[in-house]
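Atom set for the values below is all heavy atoms of this structure, side chains included, hydrogens, waters and symmetry mates excluded.
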Amino acid sequence: MMADKENMKETAARQIVEAVQFANFAGVNAADFGVSLSASLFRNIRDAMFHFNAMCDYFDTDEDQAARHYYSLMEHLSRGEKDAVITFGKSVADAVFDLLRMDAADEVFSREDIADLQHCVHQIKNTFMDMRTGGMHLKEKKGIPLQEAWEHIAKQTEKIAGLCRQRSVDLF
């Protein structure tokens with residue numbers, strides 16, 4: 001069982017490091033667009049580190065408890081990263097909806113611009129759906145990794161921000 005313990009510790013530690021690296025990347029990327037990153041990501045990383053310490057403490061006395069903490073740790077990391085991606089995308093989509101509800105929206109944006117903005121928002125929403133199907137057992141549809149989901153949303157955000165710059169409109 002010693003090899004399993006060391007493997008679990010190593011895997012858990014690696015996952016925490018990867019989550020911190022993702023938080024760093026996502027935080028910088030979101031800030032570049034003027035969006036604040038969800039605190040949920042950081043809280044879930046903190047909670048995962050608590051479970052890591054508890055897991056290590058329990059390995060010598062109660063392997064079942066250690067395993068529970070291991071799975072709780074993994075759940076916190078997954079939840080935090082998903083929250084970050086969804087919060088970022090939702091912030092962008094909400095900002096677009098606010099722009100389109102402006103009284104002068106039809107004076108600032110052409111019909112084509114509005115269609116492009118709406119298309120970008122739909123692409124963001126489709127990314128959310130692709131993320132959610134990752135946990136489902138559907139043969140025809142596989143979920144996308146979180147990093148890929150972030151990149152899809154960032155790509156749409158860049159398109160939206162570019163259109164807003166062309167029209168001298170602040171997105172956020």
Side-chain angles (χ1 to χ4, degrees), residues 12-51 73-172:
R14 186 176 55 254
Q15 292 295 320
I16 291 171
V17 168
E18 288 176 9
V20 170
Q21 290 171 336
F22 175 77
N24 183 45
F25 162 79
V28 169
N29 195 252
D32 287 347
F33 290 113
V35 178
S36 296
L37 197 58
S38 169
S40 173
L41 173 59
F42 303 107
R43 288 185 187 122
N44 276 291
I45 291 171
R46 177 203 61 202
D47 292 349
M49 292 189 312
F50 162 80
H51 287 291
L73 173 156
M74 296 307 219
E75 176 61 27
H76 277 290
L77 295 177
S78 175
R79 188 179 322 134
E81 290 174 345
K82 282 182 183 177
D83 287 352
V85 172
I86 289 170
T87 301
F88 174 59
K90 186 166 176 0
S91 296
V92 173
D94 289 349
V96 170
F97 289 136
D98 289 344
L99 282 176
L100 296 178
R101 282 190 290 234
M102 290 186 328
D103 289 336
D106 57 342
E107 296 170 16
V108 174
F109 297 108
S110 69
R111 285 184 181 188
E112 183 180 321
D113 292 341
I114 292 170
D116 288 346
L117 290 169
Q118 290 171 333
H119 177 74
C120 289
V121 169
H122 286 293
Q123 291 299 315
I124 290 171
K125 289 180 178 183
N126 287 342
T127 300
F128 293 164
M129 292 302 296
D130 289 343
M131 286 174 53
R132 289 187 175 121
T133 58
M136 298 177 185
H137 300 289
L138 301 174
K139 291 180 185 175
E140 69 280 355
K141 187 79 171 166
K142 298 290 183 201
I144 61 173
L146 289 172
Q147 184 72 31
E148 189 176 331
W150 184 275
E151 291 168 2
H152 285 190
I153 293 171
K155 179 180 175 184
Q156 297 307 315
T157 303
E158 185 56 47
K159 288 179 183 178
I160 293 165
L163 184 59
C164 289
R165 279 191 298 273
Q166 288 176 354
R167 302 295 179 245
S168 300
V169 175
D170 289 329
L171 180 58
F172 300 102

How close do Phe128 and Val85 get, counting heavy atoms only, and between which atoms? CE2-O, 4.1 Å
So that I can tick it off, tell me whether Arg79 and Asp83 are bridged by a salt bridge, with the cut-off set at under 4.0 angstrom between side-chain N and carboxylate O. no
Is the closest side-chain heavy-atom distance between Gln118 and Leu100 below 4.5 Å? yes
Working for side chain to side chain contact (heavy atoms under 4.5 Å, CB included), residues Asn24 and Val20: CA-CA 6 Å; Asn24 183 45; Val20 170; 5.7 Å; no
Classify the angle between the aromatic ring planes of Phe88 and Phe33 as parallel (below 30°), tilted (30 to 60°) or perpendicular (above 60°). tilted
So CD of Gln21 and CZ of Arg14: to nearest 0.5 Å the spacing works out to 11.5 Å
Pair Arg167 + Asp113, salt bridge at N-O below 4.0 Å: yes
Distance (rounded to the nearest 0.5 Å) between Gln156 CD and Leu117 CG: 11.0 Å
What verdict does the side chain to side chain contact (heavy atoms under 4.5 Å, CB included) test give for Ile45 and His76, after you've listed the backbone C-alpha separation in whole Å, the side-chain angles of each residue and the deciding distance to 0.1 Å? CA-CA 7 Å; Ile45 291 171; His76 277 290; over 6 Å; no
Hey, what do you get for CD1 (Ile160) to CD (Gln123), rounding to the nearest 0.5 Å? 10.5 Å
For Ala19 and Glu81, work out which heavy atoms get closest and say how close. CA-OE2, 3.3 Å
Here the pair of heavy atoms bringing Val35 nearest to Phe172 is CG2-CZ, 3.3 Å
Heavy atoms only: give me the nearest Leu171-Ala95 pair and the separation to one decimal. O-CB, 3.5 Å
Shortest non-hydrogen pair, Ala30 vs Leu37, comes out as CB-CD1, 4.4 Å
For residues Phe109 and Val169, determine if any side-chain heavy atom of one lies less than 4.5 Å from a side-chain heavy atom of the other. yes
Can you check whether Met74 reaches Ser78 side chain to side chain, under 4.5 Å on heavy atoms? no
To the nearest 0.5 Å, atom CD of Gln147 lies from atom NE2 of His152 at 11.0 Å
Quick one: pull up CG in Asn126 and NE2 in His119 and give me the separation to the nearest 0.5 Å. 8.5 Å
Specify the closest pair of heavy atoms between Asp170 and Leu99, including all atoms of both residues, with the distance to one decimal. O-CD2, 3.7 Å
Val121 side chain reached by Phe97 side chain, heavy atoms, under 4.5 Å: yes
Between the main-chain N or O of Ser40 and the side-chain N or O of Asn44, is there a donor-acceptor pair closer than 3.5 Å? yes
If we ignore hydrogens and angles and just use 3.5 Å, is the side chain of Ser91 paired with the main-chain N or O of Thr87 as donor and acceptor? yes
Kindly compute the distance separating CD1 (Ile86) from OG (Ser38), expressed to the nearest 0.5 Å. 10.0 Å
Pairing of Glu151 and Lys155 as salt bridge, 4.0 angstrom limit: no
